[in-house]
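Here is the structure we will look at.
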Amino acid sequence: MVAPRHVEELVQRVTDGGDDNDIAFDGLRITCDESADDEFTFTLAIDGERVGRAGLDADGLREILAGEAGEGDETVDAYVTNWHYWQERVGGEGTARRAFLRWCEDAPPDDDETADGDRSVPARYAALRDGIDREWGQLCITARFVDGDEPDGERAYDLWHVDDADADLDDLEIYDEPRAAREIATDDEDGRYRPLKTAPTLETGWAFTGLSGTELVDAVGFFYPATIANWHREQEGTLDVDHWSETASRQSGIYEVVSELPREAVDWMAEACCVDSQCLRRREWEYEEGDDLDPDGGDGPFPCREPCSLVIAAARKWAIAESETERTYELELTPSERNQLEELIDAVADDRTDEIREADVNDGANRYRARYLRAKRFADGELEMREQ
Amino acid sequence: MQALVIAAHGSHLNPDASNPTYAHADTVRETGAFDEVREAFWKEEPHFREVIRTLESEEVFVVPLFISEGYFTERIIPRELRLDEFEPEQWESDGTSASQVTLEAEDVGKTVHYCGPVGTHDAMTDVIVQRAESVTGDPSVGEGVGLAVVGHGTERNENSAKAVEYHADRIRERGRFDEVEALFMDEEPEVDDVTDFFETEDIVVVPLFVADGYHTQEDIPEDMGLTEDYRLGWTVPAEVDGHRIWYAGAVGTEGLMADVILERAADAGAELGDAIERVRQITSSATESESNSERTSQAGD
Ligand code: SF4
């Protein structure tokens, strides 16, 4: 049931002095015609049409909003409590926080008044009773009503790992304080430090339940810092992408050298670091405006607007290494040994070494195989070869 | 609305480097003095480059969690925050007196009050003293005790030595400790010879660093002879050449650092109500309950 105070709030909004008190939000429209002695027109967008009443006085409007006029009560309820939640509770018009929370329940942007079908208020209200799931990197976010049986418009948000979406809540560690996300995001499942927050190595086994909108945004901010802000800018068409050449030339001190990285090496670097298997940000930066990099930027919802500090630090290593001139070496290897070198490189590059079983000597990156190769082909700790 | 950004170095390799930043940010959050509080890093996320855009506040106070004025506070942070108008001269600093400059961040159209680093604020002197109290477990430590404040030295930046000397001088003037010395890792007077500089049997050694890392947990303990190998840890106090050395980890891990952060913001015009008093209360009571467990802390743990 719609709370009487929500109705009163809404009536207050339209009857308060001032010029533009009309309400036009999420399909609900209330306009006041001052020339016609403050008559109100109330309409809802339902199934692509506007239905409603004109020529109401304030009491008549109150009656309709409170569902006492006997027509479509539940739908009117939904529009009123929906208005209350977004306009009075969430507020922050134009902010990334609000846009993100609207995205969480698949609501249309604020300025889209025509939203219909699945995105209309009645359809969303039906879905919010069970919860609407969205994915943000490895995060699964459920938007739902605090009270699913008698919704008063108040939303709550649950947050967990996408891989835990089918898990029993009893099997997960439950948190309600957003800051706990910082701890969870620090190490991967094997206890290794995750310097890149958007690496797809977030550990499973936890859930945040019953978060408010602000708490949800804070928690997502701890898991994936600044992703909401940059996603919002992208939505608004104001994402400021800094391409490689700009970011590289801005560096100073020990990182000044990164601007010497050859053009083709930037492709290799993006393939090494920025593809979806390594980072869930969708790379939007290129070599420079009009000169795109080869590797795929990724498919994630949130963009990467410039090379991150990890890439810059790695680029320094590569810039220095690439300044060396190539030479030709001659060494003896059997065909199997040559294959094994490739397997070793693949195993490390795909982070597969932990999975190779102790006795799986068919795998070229097996430890015994590697030790054998070293025993055979190394002398004084180095691969034996001749420089041409 | 007003926001606080604590700008720290962070690390790609060591997850503990950012712990003090988080801890102090949380202390400030508890006070509710700011509508928003963010940690920002050079090597972690959110990066300096992207932190301001995560804020809704129009007024932002940026406090660098760095020990001295130099490369990071004068070049890196302003550049990465896009404070394009900033020039170090605007601080009118003699190397330890930078307070704040008010600027616009170009990408977001917000007012940014860019503050001097925590390490050179006068309130830092109290944190060093409090560190001495917590490592000895003695709230009135001073009489019959020597205090060494240890810094990097001039290798990269001469202001780093200035900050160490500045606080050592201020503590010496208070007359609380029998002797106070500023010592360095890479210049004279060197921390290696710490016992040569003191007549007192007890010496408290406080490194003026923002976070624990290999300098405070490996180099300094080994250089002073507290341990052969940092991995074996050391005792607090440790006997060296007939002196008892009370070695504290980085001063930046002291809870009272949150007070210095707030003081910096207050100097730049932040409205803080009674937050500073409250932080002092919270962090001083925390020190008393923690001091015993800290006395036996070892790097090898
Ligand atoms: S630069 Fe590459 S690795 Fe770094 S955040 Fe962007 S996409 Fe990810």
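Letters A, B, ... mirror the listed sequences (proteins, then strands); counts begin at 1. Computed from a predicted structure; not experimentally measured.
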For this session: State, without any angle test, whether A:S252 and B:R79 hold a side-chain donor-acceptor pair at a distance under 3.5 Å.
Result: yes
Exercise. So what's closer than 4.5 Å to chain A heavy atoms on B:D26: side chain, backbone, both or neither?
Worked result: both
For this session: Counting only heavy atoms closer than 4.5 Å, note whether B:S11 contacts chain A via side chain, backbone, both or neither.
Result: backbone
Exercise. Donor-acceptor pair, B:Y22 side chain versus A:R182 backbone, under 3.5 Å?
Worked result: no
Can you tell me how far apart [atom1] ([X]) and [atom2] ([Y]) are? Round to the nearest 0.5 Å.
X: A:I312; Y: B:H12; atom1: CD1; atom2: NE2; answer: 10.0 Å
X: B:E80; Y: A:R250; atom1: CD; atom2: CZ; answer: 4.0 Å
X: A:Y193; Y: B:L13; atom1: OH; atom2: CG; answer: 8.0 Å

Which bit of [X] comes within less than 4.5 Å of chain B, counting heavy atoms only: side chain, backbone, both or neither?
X: A:F223; value: neither
X: A:A226; value: both
X: A:Y224; value: neither

Problem set entry | Option that, when pairs with chain B are counted at under 4.5 Å, heavy atom only, ranks first among A:L310, A:T186, A:T238 | A:L310
Exercise. Among A:H232, A:R194, A:R305, A:E306, which has the most heavy-atom pairs under 4.5 Å with chain B?
Worked result: A:R305
Problem set entry | Residues of residues 30-45 of chain B within contact distance of chain A, non-hydrogen under 4.5 Å | B:E30, B:E39, B:W42, B:K43, B:E44, B:E45
For this session: Evaluate the criterion salt bridge (Lys or Arg N to Asp or Glu O under 4.0 Å) for residue pair B:R82 and A:D240; output intermediate values, then yes/no.
Result: CA-CA 12 Å; B:R82 300 174 177 79; A:D240 46 346; 3.8 Å; yes
Exercise. Going by residue number, which parts of residues 196-203 of chain A are within reach of chain B, meaning a heavy-atom gap below 4.5 Å?
Worked result: A:L196, A:K197, A:T198
